[in-house]
Amino acid sequence: MRRVVVFASPAMWHTSHGPDHPLKSERLRRTYELMQASGLFEAPNVRRVEAAPASTDELALFHTAEYIDAVQALSVGRTDVRPWRFNFGPGDNPVFPGMHDLYALAVGAALAGASMLARGECDTAFSFGGGLHHAWRDHASGFCVYNDIVVAITWLIRQRLRVAYVDIDVHHGDGVQYAFDDTDKVLTISFHQDGRTLFPGTGAIEEHGRGVGAGYGVNLPLPAGTDDETYLWAFDRLVPPLVGRFRPDVLVTQLGVDTHFTDPLAELALTVRGQEALVRRLASLAPRWLALGGGGYNVEVVPRAWTLALAVMADVRLPAELPEAYRQTYGGRTFYDESAPEIGADERGRVRRIVEERVEHLRGQAELS
Ligand SMILES: [Zn+2]
């Protein structure tokens, strides 16, 4: 049985990006409440931990000193720093009080998880408030200020551990891929909605790493409308053979659930059942596992998907019905979806053919027989 540490600090959901921002703090609070109501924190192999925020030295494992200074200054309302120089402003990356502390906490959780895994204190560490894969060394992007994933992977490879990174968020994991584009020490794999139709626009099939890192970056762009069946088929055809050949010491995953068919920001067509099946597959591939959250903007879906993910990690079988206490507050009946994505047979076939062609191209490129 895996020993699981789950990072959950109320400070993660007591800070707001503002009323109209899609990254609502409610997503994390409700996830925590559903995990708690489901009894998962009481499982004998699960431990809930509150991490400390990362120090500026720790943030500097990836970020520039100038950027960290600017984020700290903007977070306390200083006006001598120009926000747009670091890609802050109205829209995706607003400045708000407590911004530095909130994102430093996500990095602190990922680092604490990485170090517990390295010391053998747990087998799986899950920080569902993390997974901020778009943040760059010197600027914010796509709701992400500090990149908890890059900081944690950088720390892990300094301990001479081999890391494979799998990103199943609907958006391309650009910040992580580009941080490790020119090294063979980290294998990065990102499945995402095609960048020609979705932020951040990158992650084309031709992007596969540079220099000694050539072949150590894998991108599968998926057409809008890709459903559970096609997604899982592509996953099975690519991820187990690639990860198996790389033989990582630690698997790091970004578990964004904005692939859901009801997500307001994107157009893939997965269900909660499909997302759970993906987590099950990742669990079977992970020697030691640092699992991070990510996107997901339907607040009815995120708590269900990530609570099921924690149950898979801890090997706990939950009843399909949502716990009474949670239902009374938020409604809903079961962990699984009440409706299904509506995709016609023609559309399904068209998507399947595109995905098959791309998967076979990637298999050929990676010389998988
Ligand atoms: Zn996303």
Side-chain angles (χ1 to χ4, degrees), residues 12 17 20-28 30-31 87 91-94 102-103 106-107 110 126-136 139-150 165-179 188-204 207 217-228 231 234-235 252-272 274-276 278-279 282 290-306 309 341:
M12 296 277 325
H17 285 66
D20 301 323
H21 197 282
L23 197 68
K24 297 187 192 318
S25 54
E26 196 188 349
R27 319 157 56 245
L28 301 181
R30 280 172 64 159
T31 299
N87 202 29
D92 281 5
N93 307 298
L102 174 68
Y103 284 95
V107 178
F126 184 22
S127 167
F128 58 87
L132 304 161
H133 61 170
H134 297 306
W136 291 69
H139 67 268
S141 178
F143 316 158
C144 303
V145 173
Y146 295 137
N147 198 316
D148 58 317
I149 310 170
V150 175
Y165 171 70
V166 180
D167 186 319
I168 57 170
D169 192 278
V170 80
H171 301 95
H172 173 223
D174 56 347
V176 184
Q177 185 199 313
Y178 298 136
T188 66
I189 302 173
S190 178
F191 278 34
H192 43 265
Q193 184 176 329
D194 199 313
R196 285 170 291 195
T197 59
L198 191 70
F199 177 89
T202 48
E207 290 184 31
V218 177
N219 283 294
L220 180 64
L222 297 159
T226 300
D227 64 0
D228 288 346
Y231 194 115
F235 185 96
V252 178
T253 61
Q254 201 271 22
L255 303 179
V257 290
D258 39 12
T259 47
H260 194 267
F261 71 101
T262 63
D263 196 274
L265 298 194
E267 296 145 316
L268 293 196
L270 270 64
T271 68
V272 165
Q275 293 172 333
E276 183 190 32
L278 272 171
V279 174
L282 291 166
L290 178 59
L292 304 161
Y297 304 97
N298 180 340
V299 294
E300 309 296 329
V301 169
V302 177
R304 294 190 278 122
W306 284 343

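Since the structure is predicted, the reported quantities are computational estimates derived from the model, not experimental observations. Start at 1 and go down the list; that is how both ligands and their atoms are numbered.
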- Item | Whether H133 side chain and D167 backbone form a donor-acceptor pair below 3.5 Å |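 A pair under 3.5 Å: no.
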- Message: Test your reading of the model: is there a side-chain donor-acceptor pair from W136 to the backbone of H134, 3.5 Å cut-off?
- Response: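 Judged by distance alone, yes, a pair lies under 3.5 Å.
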- Query: Is the F199 to H172 ring centre distance short of 6.0 Å?
  - Reply: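 Not close enough - the centres of the two rings lie 6.0 Å or further apart.
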- Query: Do E207 and Y178 have side-chain atoms, one donor and one acceptor, less than 3.5 Å apart?
  - Reply: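 Looking only at side-chain atoms, Y178 and E207 do form a donor-acceptor pair, the distance falling under 3.5 Å.
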Which atom name would you report as the N, O or S atom of [X] nearest the Zn ion (ligand 1)?
{"X": "D169", "value": "OD1"}
{"X": "D258", "value": "OD2"}
{"X": "H171", "value": "ND1"}

